[in-house]
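Here's the structure, in structure tokens; my notes come after.
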Amino acid sequence: MFRAMLLAAGKGTRMRPLTDDLPKPLLRAGNKMLIEYHLEKLARSGFADIVINHAYLGSMIESALGDGSRYGVTIHYSAEQEGLETAGGIANALPLLTDTACQRPFVVANADIFCQLDFASLYPVLEQMNSTANSLLAHLILVDNPAHHSEGDFWLHPQSGQLSQSGGTGWSKLTFGGIGVYHPLLFKDIAPGRSQKLAPLLREAMDGGKVSGAYFAGTWMDIGTPERLRELDASLNCHPVREI
């Protein structure tokens with residue numbers, strides 16, 4: 001019933017020259033393309049319909065992944081002429097992600113991260129957001145602050161799970177891990193084809209108490225540079241991924 005989206009429209013400029021003629025999600029580590037790890041984990045978690053947006057060298061992504069049948073899923077592509085930023089890309093893909101009448105929530109993950117989160121753990125949040133009593137617009141996965149982003153992003157209250165722009169006693173400032181559950185209403189004011197960043201929408205929703213979060217302590221990497229790609233490749237070749 002619930003769908004998931006993989007964000008794959010970026011140019012990957014920090015990965016050049018590796019991305020001069022190849023979109024970043026198709027870069028390989030441990031003998032697989034980065035995006036394949038997500039597809040396989042989503043399939044194991046019961047997500048049958050996956051939306052992938054693309055812009056830069058998008059035809060290569062469609063050629064490489066096809067209709068998704070070899071991963072046990074159906075892939076729907078949301079093509080963008082120019083990258084629409086995260087929120088704009090999600091808003092543009094809403095007709096593929098949810099039914100207009102039902103307004104079902106959905107999962108979104110950056111295609112250029114490596115994370116061993118079990119996507120099935122997000123089903124309770126999806127069910128909560130899908131209920132008539134729901135007031136949440138977003139639920140984010142937070143991770144420890146990596147060396148390249150030591151300042152973190154948002155404050156998480158460990159008991160309530162509330163996220164805030166400013167913390168207090170007992171709160172932890174953590175990094176947004178690029179995985180979230182979203183309600184379509186978060187994107188209601190974005191016209192299809194319009195570029196829009198996600199952070200301003202999240203901050204506004206946080207101020208209204210409509211964003212929750214969860215801390216993930218497992219393996220997570222933002223594959224944002226060639227050095228981090230080599231690090232992941234070396235790790236996977238020495239310690240192959242175990243299926244969850």
Side-chain angles (χ1 to χ4, degrees), residues 1-11 23 25 35 38-39 41-43 45-56 58-59 61-62 65 67-68 71 73-113 119-120 122-141 163 176-208 210-213:
M1 176 174 66
F2 298 113
R3 294 189 171 191
M5 180 176 186
L6 297 176
L7 300 172
K11 291 185 177 180
I35 200 169
H38 284 315
L39 288 170
K41 288 179 67 61
L42 286 166
S45 298
F47 290 89
D49 289 283
I50 314 296
V51 177
I52 299 176
N53 72 328
H54 62 68
Y56 177 66
S59 61
I61 294 176
E62 294 199 23
L65 304 178
D67 63 3
Y71 305 104
V73 300
T74 299
I75 295 177
H76 311 267
Y77 293 101
S78 179
E80 302 169 13
Q81 289 296 110
E82 297 289 337
L84 299 176
E85 299 286 358
T86 301
I90 295 171
N92 197 59
L94 281 180
L96 300 172
L97 282 167
T98 187
D99 298 325
T100 303
C102 297
Q103 293 283 288
R104 290 191 183 98
F106 45 85
V107 173
V108 177
N110 294 351
D112 59 355
I113 60 170
F119 284 106
L122 300 177
Y123 276 113
V125 180
L126 286 162
E127 295 288 359
Q128 177 187 353
M129 278 197 193
N130 199 42
S131 71
T132 55
N134 172 67
S135 62
L136 284 178
L137 293 178
H139 175 86
L140 309 182
I141 299 300
L163 282 185
F176 174 38
I179 299 174
V181 179
Y182 302 107
H183 195 282
L185 288 176
L186 182 65
F187 310 96
K188 63 182 176 60
D189 294 327
I190 306 176
R194 182 182 127 201
S195 179
Q196 172 68 55
K197 293 186 177 182
L198 179 62
L201 299 183
L202 292 176
R203 294 190 183 104
E204 182 180 354
M206 280 180 202
D207 290 344
K210 296 183 178 181
V211 182
S212 64

A side-chain contact here means heavy atoms from C-beta on lying under 4.5 Å apart; do [X] and [Y] qualify?
X	Y	answer
L6	L39	yes
Y71	L42	no
F2	V107	no

Can any side-chain N or O of [X] pair as donor or acceptor with the backbone N or O of [Y] at less than 3.5 Å?
X	Y	answer
T98	R104	yes
H38	I113	yes
R3	L96	yes
N110	D112	no

Report the distance from atom [atom1] of [X] to atom [atom2] of [Y], rounding to the nearest 0.5 Å.
X	Y	atom1	atom2	value
R203	K197	CZ	NZ	9.5 Å
I61	I75	CD1	CD1	10.0 Å
M5	I52	CE	CD1	9.5 Å
L94	L186	CG	CG	9.5 Å
K210	L202	NZ	CG	13.5 Å
L163	S212	CG	OG	6.5 Å

Any idea which heavy atoms bring [X] and [Y] closest together, and the distance?
X	Y	answer
S78	A93	OG-CB, 3.7 Å
V73	A43	CG1-CB, 3.6 Å
Y56	G10	CB-O, 3.9 Å
P25	A8	CG-CB, 3.6 Å

Criterion side chain to side chain contact (heavy atoms under 4.5 Å, CB included) against Q103, the qualifying member of N134, L185, N130
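So, applying the side chain to side chain contact (heavy atoms under 4.5 Å, CB included) to Q103 and each of N134, L185, N130, only L185 qualifies.
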Which residue, L122, V181, I90, forms the side chain to side chain contact (heavy atoms under 4.5 Å, CB included) with F106?
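Going through the options one by one, the only one that passes is I90.
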Go through H54 and L65 one step at a time and tell me if the side chain to side chain contact (heavy atoms under 4.5 Å, CB included) criterion holds.
CA-CA 12 Å; H54 62 68; L65 304 178; over 6 Å; no
Show every side-chain hydrogen bond (donor to acceptor under 3.5 Å, both in side chains) that has at least one partner inside residues 177-192, sequence neighbours left out.
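Not a single pair qualifies under side-chain hydrogen bond (donor to acceptor under 3.5 Å, both in side chains).
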According to the side-chain hydrogen bond (donor to acceptor under 3.5 Å, both in side chains) rule, which pairs have a member within residues 79-93, sequence neighbours left out?
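Those involving residues 79-93 are N53-E80.
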Taking only residues two or more places apart in sequence or in another chain, which ones pass ring-ring contact (aromatic ring centres under 6.0 Å, His included) with Y123?
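With sequence neighbours excluded, Y123 shows a ring-ring contact (aromatic ring centres under 6.0 Å, His included) to F47, given in chain and number order.
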